[in-house]
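Worksheet for the structure shown next.
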Amino acid sequence: MNKLLCALALVLLAGCATTPGGLVIDNTYDAKSQDSRVQFLVIHYTAEEFDSSLKTLTQDKVSAHYLVNANPPTIYRLVDENRRAYQAGVSSWQGQTQLNAASIGIEIVNKGFRRGPDGNLIWFDYPPAQIDAVIELVKTIIKKHDIRPDRVVGHSDIAPQRKTDPGPRFPWKRLADLGLIIWPDAEEVAKKKPLYEKELPSVEWFQHKLAVHGFAVPYSGVLDDATMNVIAAFQMKYRPAKFDGAPDAETAAMLDVLTAK
Ligand SMILES: [Zn+2]
């Protein structure tokens, strides 16, 4: 359609748009098959104070769409949601590996952990007001892009071999109670647990179930470091009281319930 016709059509149909470059594009028709490019939401902690977090996320080669400070709880938008942020790194979830291109990343200001006197890890709490802000942000993003609850994940879910954020103090259960993430039904877990207490499933079973849940996990058939890292990531999210990566009956029951759906 030439510009004159388009101008006429514009009056009649309101169906043309002209870009700043002068290219005339007719946007009368909308395809049914379309959705947001954003399919995943990834939650992180920064492992640093606010100032250094902001500097890293705005001036280095890593970035995130949002940075949530604790005091006062403030949400900073660093990358437009329509553009790619570099927050996921080498990662995988449900077979998808191009996660930077398909996700929105939220970085929460939290120092992660410090070493205790005997080398143990002491994790930093998230102030409730900061979590309230994160939850409101998560709700808004999920609604806008129609992100499925099984695709709202932590960095440790998508990169369990090298990441532990947002860590065991992040209250995933609060997100579950709001329907924002999937969570194993406690009654069903209690029903299945005694079976697995009698006999723990094989390592192959764990590897298969973890993969069905979404993790990239080796099918080695042996309890190697890589498999234990994945089990630990799962436990950190769903049972943060104990996340040593060792297979146990409760972990098996939770995995079974989650993957049965
Ligand atoms: Zn991270």
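Indexing begins at 1, ligand by ligand and atom by atom, following the structure's order. Remember, it's a predicted structure, so these values are computed and weren't measured experimentally.
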Exercise. Are any of the side-chain nitrogens in Lys144 or Glu81 under 4.0 Å away from the carboxylate oxygens of its partner?
Worked result: yes

Exercise. Do the non-hydrogen side-chain atoms of Ile43 and Leu175 ever get within less than 4.5 Å of each other?
Worked result: yes

Exercise. Side chain to side chain donor-acceptor pair (under 3.5 Å) with Glu250: which of Gln235, Lys192, Arg239?
Worked result: Arg239

For this session: Measure distances from the Zn ion (ligand 1) and count the protein N, O or S atoms below 2.8 Å.
Result: 3

For this session: Quickly, which of Asp256, Val257, Leu258 forms a side chain to side chain contact (heavy atoms under 4.5 Å, CB included) with Val189? Name it, please.
Result: Val257

Exercise. Does Asp244 CG have over 12 foreign heavy atoms under 6.0 Å away?
Worked result: yes

If you look only at distance, which donor and acceptor atoms sit under 3.5 Å apart when one is on a side chain in residues 123-131 and the other is two or more places apart or in another chain?
residue	atom	partner	partner atom	Å
Asp125	OD1	Arg169	NH1	2.8
Tyr126	OH	Pro166	O	2.6
Gln130	NE2	Val68	O	3.1
Gln130	NE2	Val109	O	2.8

